[in-house]
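Data first, discussion second: the structure below is written as structure tokens.
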Amino acid sequence: MIVEADDRLLVGAARRGDLEAFDVLVRRHQAPVYRLALRMLGSEADAEDAAQEAFVQAWRSLERFRGDSAFATWMYRIVTNRCLNALAARRPVEGLTDRYPEPAGDPAEVAERRARLRAVADGVLTLPPEQRAALVLREFQGLSYEEVAQVLGVSLAAVKGRIHRARLRLIEVIAGWE
Amino acid sequence: MGVNGGHARLPCGTDLLALVQQVSDGPPPADPEHQAGCVHCRRSLARIRSTLDDVRGLASERVVAPPDLARRVMRRLRGEQARVAVSASARGRTSVNQAIVAQVAQRAALDVPEVVFASALMTDPEAGGSVRVEVRLVVAYGPALERVAGAVREHIIGDVAAVTGLLVEDVDVRIDDLS
């Protein structure tokens with residue numbers, strides 16, 4: 001609650017043109033914004049670009065931020081849209097999963113776990129962009145279904161449908177069904 | 001296609017999407033007796049659980065932003081701010097970015113112990129050699145707000161002159177809230 005009030009104060013100051021206040025907001029929200037972009041795009045360089053551009057865009061459109069949602073939610077909307085645009089502009093032949101080099105066959109438990117998590121991250125990158133956005137917001141950013149619907153601007157039913165289909169598809173990709 | 005659209009079924013006829021929903025959101029199975037005895041359902045439920053566990057595992061991995069992400073954003077935005085001339089001589093002109101003046105003013109205001117939040121803006125960048133600053137404050141609850149405002153004004157005038165060489169002609173102090 002204190003954090004939320006702080007954000008409101010900072011957003012108010014930033015809207016008047018206070019860059020110091022915006023600096024604090026950027027530092028506070030950069031990790032989740034970057035993580036969202038990373039899970040959406042799969043490449044660290046692309047994620048950094050998307051996050052950076054999203055913050056610049058946020059600064060320029062702050063007067064349109066009404067404060068009826070949390071600053072984080074508003075940032076998620078901006079960066080998600082940037083990622084969806086970036087994915088739409090990518091050539092379809094561009095392989096995504098090969099951006100993660102497979103680890104060598106190490107029998108250690110740590111390596112095995114890392115390989116499983118990598119398989120999940122790669123699996124997420126094979127999802128259609130809209131399903132991917134919904135799943136990433138729910139599973140990796142920890143938003144409720146209602147919040148995901150707010151970020152994506154679609155109905156709650158549509159969000160639930162996308163997320164369940166995304167989960168099913170992910171399981172199909174990773175575990176398969178026989 | 002709805003959530004319960006008729007794709008992806010197990011050999012026993014169970015809708016896989018319904019199983020995924022059951023594991024993630026917890027609605028009870030439509031046919032618990034069948035599920036308890038069916039080898040297809042049980043094997044699929046185990047797969048769903050293990051994959052969703054891995055999803056949660058990945059979600060709990062710490063992801064840190066690249067170290068200079070915020071710095072690069074801010075450098076770009078500060079670079080777009082107007083500049084104000086400090087001095088000019090035959091050997092060249094000196095100017096400072098308005099954002100720097102605001103930053104110095106904000107820190108100066110925070111040096112006053114009662115100030116818990118300060119937001120400063122430089123206004124009127126054209127004024128030749130002198131500038132105006134507007135500062136909004138949240139101040140700790142207590143007496144003597146006028147004294148706090150006076151101290152903030154003095155700190156800002158002193159620090160801006162010391163750091164940038166600019167003369168602050170006017171400091172508009174607004175106390176927005178008490179904490």
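Note: hydrogens, waters and symmetry copies are ignored here, and every other heavy atom, side chains too, is used.
- Other residues, nucleotides and ligands place more than 12 heavy atoms under 6.0 Å from the CD atom of A:Gln57.
- Using a 4.0 Å cut-off between a side-chain N of Lys or Arg and a carboxylate O of Asp or Glu, B:Arg76 and A:Glu53 qualify as a salt bridge.
- Considering only heavy-atom pairs separated by less than 4.5 Å from chain B, the leading option among A:Arg16, A:Glu48, A:Gln52 is A:Arg16.
- Residue B:Arg62: no heavy atom, backbone or side chain, is found under 4.5 Å from chain A.
- Contacts of A:Ile174 with chain B are made by side-chain atoms alone, with heavy-atom separations under 4.5 Å and no backbone atom involved.
- Hydrophobic clustering (ILVMFWY, side-chain heavy atoms < 4.5 Å, transitive): B:Val112 and B:Tyr141 are in one cluster.
- Between B:Arg78 and A:Glu20 there is a salt bridge, since at least one side-chain N of the basic residue sits less than 4.0 Å from a carboxylate O of the acidic one.
- Side-chain atoms of B:Met74 and A:Phe22, non-hydrogen and from C-beta on, do get closer than 4.5 Å to each other.
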For this session: Test side-chain contact (heavy atoms from CB on, under 4.5 Å) on B:Phe117 and A:Asp6 and set out the steps.
Result: CA-CA 10 Å; B:Phe117 177 81; A:Asp6 265 0; over 6 Å; no
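- Of the two parts of B:Asp177, neither the backbone nor the side chain holds a non-hydrogen atom closer than 4.5 Å to a non-hydrogen atom of chain A.
- With a 4.5 Å cut-off on side-chain heavy atoms, B:Leu58 and A:Arg116 do not count as touching.
- Interface summary for chain A: among B:Arg56, B:Gln106, B:Arg71, the most heavy-atom pairs under 4.5 angstrom belong to B:Gln106.
- Residue A:Glu44: no heavy atom, backbone or side chain, is found under 4.5 Å from chain B.
- Taking B:Ser24, B:Ala99, B:Ala102 one by one and counting their heavy-atom pairs under 4.5 Å with chain A, the maximum is reached by B:Ser24.
- Only the backbone of B:Val64 comes within less than 4.5 Å of a heavy atom in chain A; its side chain stays farther off.
- Only the side chain of B:Leu121 comes within less than 4.5 Å of a heavy atom in chain A; its backbone stays farther off.
- Taking A:Val56, A:Val26, A:Val33 one by one and counting their heavy-atom pairs under 4.5 Å with chain B, the maximum is reached by A:Val56.
- The part of B:Val138 that comes within reach of chain A is its side chain, from C-beta onward, which places non-hydrogen atoms under 4.5 angstrom from that chain.
- Looking at B:Asp25 and A:Tyr145, their side chains come closer than 4.5 Å, going by heavy atoms from C-beta outward.
- Residue pairs meeting the salt bridge (Lys or Arg N to Asp or Glu O under 4.0 Å) criterion with at least one partner in residues 134-154 of chain A, sequence neighbours excluded, are A:Glu139-A:Arg167.
- Remark: B:Glu61 does not engage A:Arg35 in a salt bridge, criterion side-chain N to carboxylate O under 4.0 Å.
- Contact of the B:Val55 side chain with the A:Phe140 side chain is registered, since non-hydrogen atoms from C-beta on lie closer than 4.5 Å.
- Counting heavy-atom pairs closer than 4.5 Å to chain A, the top-ranked of the candidates B:Pro66, B:Ala70, B:Ala118 is B:Pro66.
- Of all the listed residues (B:Leu52, B:Leu69, B:Val73), the one sharing the greatest number of non-hydrogen pairs under 4.5 Å with chain A is B:Leu69.
- With a 4.5 angstrom heavy-atom cutoff, B:Gln103 touches chain A via backbone and side-chain atoms both.
- Looking at A:Arg113, only its side chain comes within 4.5 Å of chain B, counting heavy atoms on both sides.
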